[in-house]
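Beneath this line is the structure, given in structure tokens, with notes to follow.
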2 protein chains.
Amino acid sequence: MAKYSFGVDVGGTTIKMGFFDEAGNVLEKWEIPTRTENGGVNVLPDIAKAVEDKLSEKAIEKSQVIGVGIGVPGPVDAKGIVHKCVNLGWGVFNLNEELEKLLGIPTRSGNDANVAALGEMWKGGGQGYESIVMVTLGTGVGGGIIMDGEILTGAKGAAGEIGHIHVDDGETEVCGCGNKGCLEQYASATGVVRLANRILAKNTKPTGLVAGQCSAKDVWDAVKAGDEAALEIAEQFGEYLGKGLASVACVINPEAFVIGGGVSKAGDVLLDYIRKNYTPYVFHASRDVQFTLATLGNDAGIYGAAKLVVDSVTA
Amino acid sequence: MAKYSFGVDVGGTTIKMGFFDEAGNVLEKWEIPTRTENGGVNVLPDIAKAVEDKLSEKAIEKSQVIGVGIGVPGPVDAKGIVHKCVNLGWGVFNLNEELEKLLGIPTRSGNDANVAALGEMWKGGGQGYESIVMVTLGTGVGGGIIMDGEILTGAKGAAGEIGHIHVDDGETEVCGCGNKGCLEQYASATGVVRLANRILAKNTKPTGLVAGQCSAKDVWDAVKAGDEAALEIAEQFGEYLGKGLASVACVINPEAFVIGGGVSKAGDVLLDYIRKNYTPYVFHASRDVQFTLATLGNDAGIYGAAKLVVDSVTA
């Protein structure tokens with residue numbers, strides 16, 4: 001009986017590979033480079049080869065593999081059709097069919113943010129919940145939505161773009177998306193730095209932070225040390241993110257928000273600022289939504305990809 | 001073979017009943033009063049009697065009925081468990097099981113806003129789409145979400161509360177929900193009147209509208225007549241609603257917004273103001289989302305309730 005699965009997380013420079021047993025334990029993980037040249041034509045053959053090589057090395061038959069799950073950096077609809085991955089040079093095609101053709105193993109695919117959310121729900125900070133929103137506070141602000149155990153892809157695979165919820169009418173600078181006042185402009189790692197520079201430019205309180213010379217990590221370290229200017233930055237960060245997540249909760253009423261990405265390394269203090277500022281903005285029915293920290297880090301994608309296979313191939 | 005269904009829409013004062021054929025044509029519709037006394041203990045028996053009476057009248061056997069669908073004014077989860085309907089005096093119980101016990105006919109239930117959305121998708125303004133948000137601009141602002149043909153209920157049946165998305169940081173008056181700056185405060189029928197009164201109080205443009213004496217209908221009639229103050233009110237209304245719906249689209253990426261409720265009787269001009277103000281706030285992947293008007297009016301609920309049965313009992 002089939003009992004192994006592969007979880008693959010395709011990034012713009014590296015492809016993360018995971019080899020899992022049926023209980024969802026990762027037996028081995030490794031990386032291969034992402035060859036994006038020529039429209040990314042080598043990406044799937046490289047993944048297929050990595051899978052074949054691992055099976056040979058372990059002397060495991062293909063019939064013992066439930067499937068290969070794969071997360072990619074672009075919109076993927078429920079049928080496995082990729083609608084362009086700019087970072088990989090990919091156009092529109094059926095990823096599941098293509099990889100199955102190469103490997104002869106059932107394949108399931110999804111958008112990387114959604115797949116990471118599934119991973120956190122299965123084995124990370126979202127364990128015990130069925131309906132979560134994973135919020136990734138990294139270079140940008142990404143979102144992955146799981147409702148009743150299933151990924152919510154949206155009509156064109158663009159659900160969960162919560163970094164572009166409008167949260168400030170007064171913003172004058174332009175977001176990467178072309179709009180103004182997007183959540184990402186305040187709650188991403190670069191957003192925290194922007195907020196810090198704005199506040200420090202007018203600051204009169206005692207502080208160890210210097211405008212133009214602090215990272216998001218510096219800000220949160222200072223928050224933990226009780227730095228007064230840093231506390232003000234954290235408060236504003238919490239207000240923007242709390243307000244944005246309250247809107248998300250009004251729309252889909254999840255059980256929990258799982259907060260991940262580089263900024264989330266600040267830990268529980270981050271959740272305190274979000275929670276405190278979320279409550280005044282949210283509809284009462286979603287007031288008791290939980291906030292937790294993601295725990296899988298960069299492995300969330302391979303876990304979620306493996307879970308895609310476990311859920312759908314064996315269903 | 002079973003070929004008929006009943007669609008029931010339970011309101012605080014009236015229960016709307018619809019008797020449908022298998023193609024979704026309503027063969028007959030009628031109303032019975034909602035008896036809310038004694039914790040609403042009579043509501044389900046009254047519905048059961050209305051169904052039995054109609055079947056006797058038509059000399060139709062229960063075996064020819066696919067099922068009874070029912071929409072209620074409160075949160076209902078995917079298992080048919082009602083989590084309190086304040087207007088009916090109901091607590092927490094399994095509505096499907098209770099009505100099935102009384103009638104011996106399969107029952108399916110849902111929140112009334114969600115069920116109305118399903119109705120509009122099946123036979124109304126949302127035809128041809130699989131993923132829609134129905135926005136009801138009435139006394140309040142309600143929302144019903146259908147993704148891939150299925151109702152999105154949320155973890156506690158509270159998804160689609162889009163009237164309580166925060167859209168104005170500067171609001172000083174309190175919304176019915178206790179928060180400040182909710183979409184409902186500007187885009188409901190009473191919201192339009194509030195906006196009108198605020199603008200008219202400061203107005204210096206020529207206008208036929210009088211502060212404190214105009215209804216939402218008066219405002220939209222004046223918009224169509226080119227009244228300058230009315231155009232300003234419409235612009236603000238569109239900005240609030242466009243901004244709010246842009247947030248909704250960032251979260252779930254629907255194919256279309258179907259606009260219903262009393263305010264939507266203003267017609268296409270309403271859509272123009274929403275669309276124009278939606279675009280600057282939305283993420284590019286959701287920029288081409290369609291806006292349509294609801295067409296079923298107060299019958300959306302009975303259509304959607306019948307569709308609940310057609311979808312799930314025969315599935």
Side-chain angles (χ1 to χ4, degrees), chain A residues 75 77-78 83 129-133 143 145 147-148 150 152-170 175 177-184 239 242-256 279-290, chain B residues 75 77-78 83 129-133 143 145 147-148 150 152-170 175 177-184 239 242-256 279-290:
Chain A
D77 69 23
H83 294 272
Y129 300 110
E130 290 272 288
S131 298
I132 66 162
V133 178
I145 303 174
M147 295 300 287
D148 293 326
E150 289 186 18
L152 191 147
T153 58
K156 295 196 173 171
E161 287 290 355
I162 63 175
H164 301 285
I165 289 177
H166 179 82
V167 292
D168 192 334
D169 289 337
C175 175
C177 78
N179 295 346
K180 288 178 186 169
C182 292
L183 178 57
E184 182 162 300
E239 179 153 354
K243 198 196 307 186
L245 298 186
S247 291
V248 175
C250 284
V251 181
I252 56 166
N253 181 224
E255 290 174 281
T279 309
Y281 290 111
V282 82
F283 188 61
H284 50 77
S286 287
R287 204 151 282 166
D288 62 352
V289 168
Q290 301 298 303
Chain B
D77 70 21
H83 295 272
Y129 300 111
E130 292 272 288
S131 299
I132 65 162
V133 179
I145 303 174
M147 295 300 288
D148 293 325
E150 289 187 18
L152 190 146
T153 59
K156 295 197 172 171
E161 288 289 356
I162 63 174
H164 301 285
I165 289 178
H166 179 83
V167 292
D168 191 334
D169 288 339
C175 177
C177 78
N179 294 347
K180 288 177 187 171
C182 294
L183 177 57
E184 181 162 301
E239 180 153 352
K243 198 196 304 185
L245 297 186
S247 291
V248 175
C250 284
V251 180
I252 55 166
N253 180 225
E255 291 173 280
T279 308
Y281 291 111
V282 81
F283 188 61
H284 51 74
S286 287
R287 204 152 280 169
D288 62 353
V289 169
Q290 301 299 303

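So that the names make sense, note that chain A is the first sequence line, chain B the second, and so on, each numbered from 1. Only a predicted model underlies this, so the values are computations on that prediction, with no experimental measurement involved.
A pairwise comparison of heavy atoms in B:M147 and A:G154 identifies CE-CA, 3.5 Å as the closest pair. In terms of heavy atoms, B:A285 sits closest to A:A158 at CB-CB, 3.5 Å. Taking all atoms of both residues into account, the shortest heavy-atom contact from B:I162 to A:V251 is CG2-CG2, 4.5 Å.
With sequence neighbours left out, the salt bridge (charged side-chain N to carboxylate O under 4.0 Å, His left out) criterion links B:K180 to no other residue. The side chain to side chain contact (heavy atoms under 4.5 Å, CB included) test applied to A:A246 returns A:Y278, A:Y281, A:V282, not counting sequence neighbours.
Summarising the geometry, atom OG1 belonging to B:T153 is positioned 8.0 Å from atom CG belonging to A:N253; distances are rounded to the nearest 0.5 Å. To the nearest 0.5 Å, the span separating CG on B:D169 from CG on A:D168 amounts to 7.0 Å. Considering CG of A:L152 and CD1 of B:I252, their distance stands at 7.0 Å, rounded to 0.5 Å.
Contact annotation for A:V289: neither backbone nor side-chain heavy atoms come within less than 4.5 Å of a heavy atom of chain B. There is no contact between A:D77 and chain B, counting heavy-atom distances below 4.5 Å. For a residue to count as touching a neighbouring chain, one of its non-hydrogen atoms must lie under 4.5 Å from one of that chain's; by this rule B:V133 does not touch chain A.
Note on A:E255, A:K156, A:H284: by heavy-atom pairs under 4.5 Å with chain B, the leading option is A:K156. Of all the listed residues (A:G157, A:G170, A:C250), the one sharing the greatest number of non-hydrogen pairs under 4.5 Å with chain B is A:C250. Options A:I165, A:I145, A:N179 differ in how many heavy-atom pairs under 4.5 Å they form with chain B, and the most are formed by A:N179.
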